Amino acid sequence: VKFNFCRRCGAALKQINGHVYECADGHTIFANSNPTIGVFFVTPDDQVLLSVRGIEPRKGMLDSFGGFLDGEENFQTALGRELKEELGLEPIDYEPPQYLTSETGHYPYQGETLSVISSFFWSRLKPGVTPIPADDVAGIESFPIDQVDFDRLHDDDVRAGIRALQQVFSSD
Ligand SMILES: [Zn+2]
């Protein structure tokens with residue numbers, strides 16, 4: 001994302017370097033990535049469950065479950081909220097999510113491209129728990145962890161998350 005005007009005084013911004021902008025009044029503005037969380041569920045027979053995106057951008061492509069952090073939410077709160085919204089899951093329905101990796105991605109939104117920084121986790125559903133797709137999840141697809149179709153994953157951050165998951169499961 002390119003920043004044009006200072007959010008503090010409205011003056012034009014000058015790009016100092018990379019993500020650092022400054023206006024004539026000396027305000028420094030940082031164009032940092034937008035944080036998101038993503039979760040991969042692994043079945044007892046080591047298949048990974050993925051979300052079929054129900055909204056643009058990249059509707060119909062595969063994604064992790066999760067989304068953007070709201071306001072000053074922390075990662076664990078956002079994770080719990082997103083799994084409730086997208087799959088109807090409560091924290092007692094899944095094992096404590098394990099951190100995998102983080103990676104940057106690029107998300108087209110309203111005519112510009114947002115930089116995102118996604119933190120990925122994996123977990124297993126408790127026995128008898130069935131996730132119900134809702135919100136921006138159109139469906140759920142499962143793949144053997146080493147046979148995920150990378151061309152159907154919607155962005156580079158999710159591809160990095162799957163690669164990290166594959167590493168966890170190649171060592172056991
Ligand atoms: Zn300013």
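Everything numeric here is computed off the predicted structure, so don't read it as measured data. Numbering of ligands and ligand atoms starts at 1, following listing order. Only this structure's heavy atoms are used, side chains among them; waters, hydrogens and symmetry mates stay out.
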In short, H106 meets R58 closest at the heavy-atom pair O-NH2, 3.0 Å
Taking 2.8 Å as the upper limit, name the protein N, O or S atoms near the Zn ion (ligand 1). C6 SG, C9 SG, C23 SG, H27 ND1
Could you tell me whether D25 and R8 have a side-chain N and a carboxylate O separated by less than 4.0 Å? no
Taking the six-membered ring for Trp and the single ring otherwise, decide whether the centroids of F121 and F75 are under 6.0 Å apart. no
Could you walk me through whether L165 and V42 pass the side-chain contact (heavy atoms from CB on, under 4.5 Å) test, one step at a time? CA-CA 10 Å; L165 185 70; V42 175; 4.1 Å; yes
By the salt bridge (charged side-chain N to carboxylate O under 4.0 Å, His left out) test, which pairs, at least two apart or in different chains, include something from residues 132-150? E141-R152
With W122 as reference, evaluate F169, F41, F40 under the ring-ring contact (aromatic ring centres under 6.0 Å, His included) test and give the passing residue. F169
